[in-house]
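Below is one structure, written out as structure tokens, with a few remarks after it.
This chain uses plain numbering: 1 for the first residue, then up along the sequence. Order of appearance sets the numbers: ligands from 1, and atoms from 1 within every ligand.
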Amino acid sequence: MSSINLVDLAEDNLRDEARRAMEVCNACRYCEGYCAVFPAMEMRREFSDGDLDYLANLCHNCQGCYQSCQYAPPHPFGINVPKAFAELRLQTYADYAWPQPMAKFFDRNGTLVTLLTALCVAGVIIALMLIQDAKVVFASHVGPGAFYKVIPWGVMTAFAGATFLFAILSLVMSFRNFWRASQRPATDIVRPRTLARAMHDIFTLKYLGGGGHGCNDVSDQFSMRRRYYHHFTFYGFMLCFAATSVATIYDHVLGLQAPYAFFSLPVMLGTIGGIGLVIGPVGLIWIKIISDPAPLSKKMIGGDYALLMLLLLISVTGLLLLGLRETGAMGILLAIHLGFVLAFFIAIPYSKMVHGLYRSAALIRYALERQEESEAHAAAQGKPKVKAA
Ligand code: SF4
Ligand code: SF4
């Protein structure tokens, strides 16, 4: 069979192509030290659709196995594991989405997330101009409750609460769908030892380190920059989330209304997080621009850029709002910032954000499988149960 036929097959059936790649890799095993995918692959001789979905989400797209593969194109085998898995991952986002009709959102994800963002920003500005006097919008407001003089507290809370709670529900249901495909009981998720190991791998982004030297974004040269920019993005996001949570407690429990002083806890958390959420997305966008396109999935690129731009715009407008909050620009900046935040909340379960959910589920399953393999090995040798290495 020629390489052209193999590529055609890949476009026809994503799981067939991923299965073919895994069967070749399982015979070769040259890349077994690169990431969790290869040890997980070696535990199997056959690959069900559920196994492939799991392996695809275990892949962090470091591209190490592509750059070192002697069977990569132009070899007739045409093995391209990162690309095959990237395309299958996108399919799993649609397959496990909840509610299912929303799976269509992944078809043209970049376009739809961009359109949603534009609609939300325009919608919030138009609604603000309809419900509020222009003099109030463009006046400078200072002191506790200044933001609520422009956009009422109840309106802000209702939209943020409804969209965020729906996003959480949708993510929980999607996680459930993904886990069910593993045919493992839900109680396996909360085994303390394996959960602790998985959490370590998730929060350190261990496998963005490839085989220990980093990713091969541009060429066969290793680099840790993708891991570092991902850390800026992830921890920047978490700090911004912490800032919002602390502000909610200040407001609802302590009765202290925003805006808060610059050196208050929510503003400090938000500022540091916001700076991280500028550095991270800018770095990740830059890496995407200079990356070798061969191991990338064209279908995923639009959604990747759309989400990174949305995160960047949220942080930039949030920082601008902080700097200009005592000026007449505060009202319109608040509307623009909240428009981006609203788009983000709506898009969370139907954008690249879900990669964190499925990758976490895959890492939990991997920790379980390693533990069980370790216990089976110990039992075969007649030893007491041991911890996985
Ligand atoms: S990616 Fe290539 S080199 Fe690596 S295990 Fe698979 S076939 Fe072997
Ligand atoms: S691209 Fe990286 S993470 Fe994905 S399978 Fe290859 S080595 Fe593993």
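- Shown here is Gln183, whose CD atom has no more than 12 heavy atoms of other residues, nucleotides or ligands within 6.0 Å.
- Between the side chain of His252 and the backbone N or O of Ile249, no donor-acceptor pair lies under 3.5 Å.
- Atoms of ligand 2 lying under 4.0 Å from any heavy atom of Gln63, numbered from 1 in the order shown and given with element: 1 (S), 2 (Fe).
- For atom 3 (S) of ligand 2, the candidate residues are Met41, His60, Lys83; the nearest heavy-atom contact is made by His60.
- Although no hydrogens or angles enter the test, the distance criterion places no donor-acceptor pair under 3.5 Å between the side chain of Arg226 and the main chain of Asp217.
- Summarising the local packing, CZ of Phe47 is surrounded by more than 12 heavy atoms from other residues, nucleotides or ligands at distances under 6.0 Å.
- The contact set between ligand 2 and Cys35, taken as ligand atoms under 4.0 Å from a residue heavy atom, comprises 3 (S), 5 (S), 7 (S), 8 (Fe).
- Only the backbone of Asn61 comes within 4.0 Å of ligand 2, counting heavy atoms alone; no side-chain atom from C-beta on gets that close.
- There is no side-chain donor-acceptor pair under 3.5 Å between Asn109 and Ser351.
- Between the side chains of Tyr66 and Asp292, no donor N or O sits under 3.5 Å from an acceptor N or O.
- For the residue pair Glu375/Gln371, the side-chain donor-acceptor check at 3.5 Å is satisfied.
- Among the atoms of Cys59, an N, O or S atom falls under 2.8 Å from atom 4 (Fe) of ligand 2.
- Excluding waters, the set of protein N/O/S atoms under 2.8 Å from atom 4 (Fe) of ligand 1 reads Cys31 SG.
- Residue Pro82 has at least one heavy-atom neighbour below 4.0 Å for each of these atoms of ligand 2: 1 (S).
- For Phe203 and Phe234, the distance between ring centers is under 6.0 angstrom.
- Remark: Arg108 CZ is loosely packed, at most 12 non-hydrogen atoms of other residues, nucleotides or ligands lying under 6.0 Å away.
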